[in-house]
*Asks:* 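One structure follows; several queries about it will come next.
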Amino acid sequence: MADILVVGSANADLVVEVDTRPGAGETVLGSDLRTLSGGKGANQAVAAAKLGASVSLLAAVGADAHGRFLLSELDSAGVNIAAVRESDRPTGVALITVTEDGENSIVVAPGANSALSVADVDAQAAEIGAAKVLLGSAEVPARVLEHAVDLAVSAGVRPVLNLAPATALSGPTLAALDPLVVNEHEAAWLLSRHTGADLSADPEELAKGLGRLGVRSLVITLGARGALIAEGGRCREIPAPPVRAVDTTGAGDAFCGALAVRLAAGATLADAAAYAVRVAAISVTRPGAQSSYPRAEELS
Ligand code: RIB
């Protein structure tokens with residue numbers, strides 16, 4: 001049984017470096033194609049495993065070459081893949097462009113990730129109940145996340161969810177999260193959906209607004225600026241070390257994996273977030289997602 005049970009996506013990341021992104025109707029030439037192991041769930045699981053945690057991944061891949069590649073990469077990184085099931089849908093694929101400033105744009109074809117089901121969650125009820133932290137992300141169906149959070153809460157397991165991409169979840173699920181992790185855009189989307197308010201300018205205002213929705217604790221990731229945490233009605237900024245970014249792909253997933261590692265070890269949210277911003281900062285200095293994640297020794 002693992003300390004961290006991750007429920008989420010696994011994608012083959014097809015990455016091309018470009019000088020500029022194509023606009024509508026435009027074609028641009030880029031670098032040679034690289035195929036990397038990705039997907040927000042798999043990335044979070046690998047980030048946590050590389051930091052020394054025991055981690056299981058609940059996910060779905062297709063019976064194809066991408067699926068076999070992802071399973072092999074997860075296994076090599078030390079993630080328990082017993083709960084990654086084979087689907088008759090194709091393995092998820094992410095089409096990623098990266099520009100010289102390290103920024104990325106991503107289109108995901110979810111494929112097998114969409115086939116992950118409530119029954120798959122039920123089949124892992126014992127694993128969920130034995131974990132210290134359940135960690136989720138939103139490239140799998142919302143009902144799957146909601147059910148996994150319900151099982152975790154019933155078993156006294158801490159539910160942590162990165163609502164990326166922004167997705168509608170039930171009020172009780174949002175309220176149970178400890179913490180909900182979002183970036184500024186996702187936070188603004190969530191608030192606007194629930195209250196109609198447009199508070200996109202100020203992270204502290206966003207945090208206060210989400211607090212009024214009953215969210216138990218919250219992390220708003222702020223990219224190069226670090227993160228803002230909110231719990232018990234109080235906000236605190238956690239600054240990130242300055243770095244030169246070459247590829248920000250999967251930095252949010254690195255943050256969440258690291259956050260879960262420290263929370264599973266009993267750290268406070270502030271201490272866990274301080275560790276997570278350091279891990280995410282290292283990740284952006286190297287290309288790719290999983291390939292960019294540091295091992296625990298690099299953090300000492
Ligand atoms: O967060 C980065 C990830 O988003 C990539 O690995 C890609 O697969 C998409 O899921």
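Numbering of ligands and ligand atoms starts at 1, following listing order. All residue numbers refer to positions in the sequence shown, counting from 1.
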*Asks:* Counting heavy atoms not belonging to Arg236, are there more than 12 under 6.0 Å from its CZ?
*Replies:* no
*Asks:* Identify the heavy atoms of Ala148 and Val7 that sit nearest to each other, and give their distance.
*Replies:* CB-CG1, 4.2 Å
*Asks:* Check this for me: Asp19, atom CG, are more than 12 non-hydrogen atoms of other residues, nucleotides or ligands nearer than 6.0 Å?
*Replies:* no
*Asks:* What I'd like to find out is whether the side chain of Lys50 reaches to under 4.5 Å of the side chain of Val46, using heavy atoms alone.
*Replies:* yes
*Asks:* What short N/O contacts, under 3.5 Å, does ligand 1 make with the protein, listed by atom pair and distance?
*Replies:*
from     : atom 1 : to     : atom 2 : distance (Å)
ligand 1 : 1 (O)  : Lys40  : NZ     : 2.8
ligand 1 : 1 (O)  : Asp253 : OD2    : 2.7
ligand 1 : 4 (O)  : Lys40  : NZ     : 3.2
ligand 1 : 6 (O)  : Asp13  : OD1    : 3.4
ligand 1 : 6 (O)  : Asp13  : OD2    : 2.6
ligand 1 : 6 (O)  : Gly39  : N      : 3.1
ligand 1 : 6 (O)  : Asn43  : ND2    : 3.0
ligand 1 : 8 (O)  : Asn11  : ND2    : 3.1
ligand 1 : 8 (O)  : Asp13  : OD1    : 2.5
ligand 1 : 8 (O)  : Gly39  : N      : 2.9
ligand 1 : 10 (O) : Asn11  : ND2    : 3.0
ligand 1 : 10 (O) : Glu139 : OE1    : 2.8
ligand 1 : 10 (O) : Glu139 : OE2    : 2.7

*Asks:* When you compare the side chains of His66 and Asn11, does any donor N or O come within less than 3.5 Å of an acceptor on the partner?
*Replies:* no
*Asks:* Check the pair Ser9, Glu139 against side-chain hydrogen bond (donor to acceptor under 3.5 Å, both in side chains), reporting the backbone distance first and the verdict last.
*Replies:* CA-CA 6 Å; Ser9 59; Glu139 286 178 340; 2.5 Å; yes
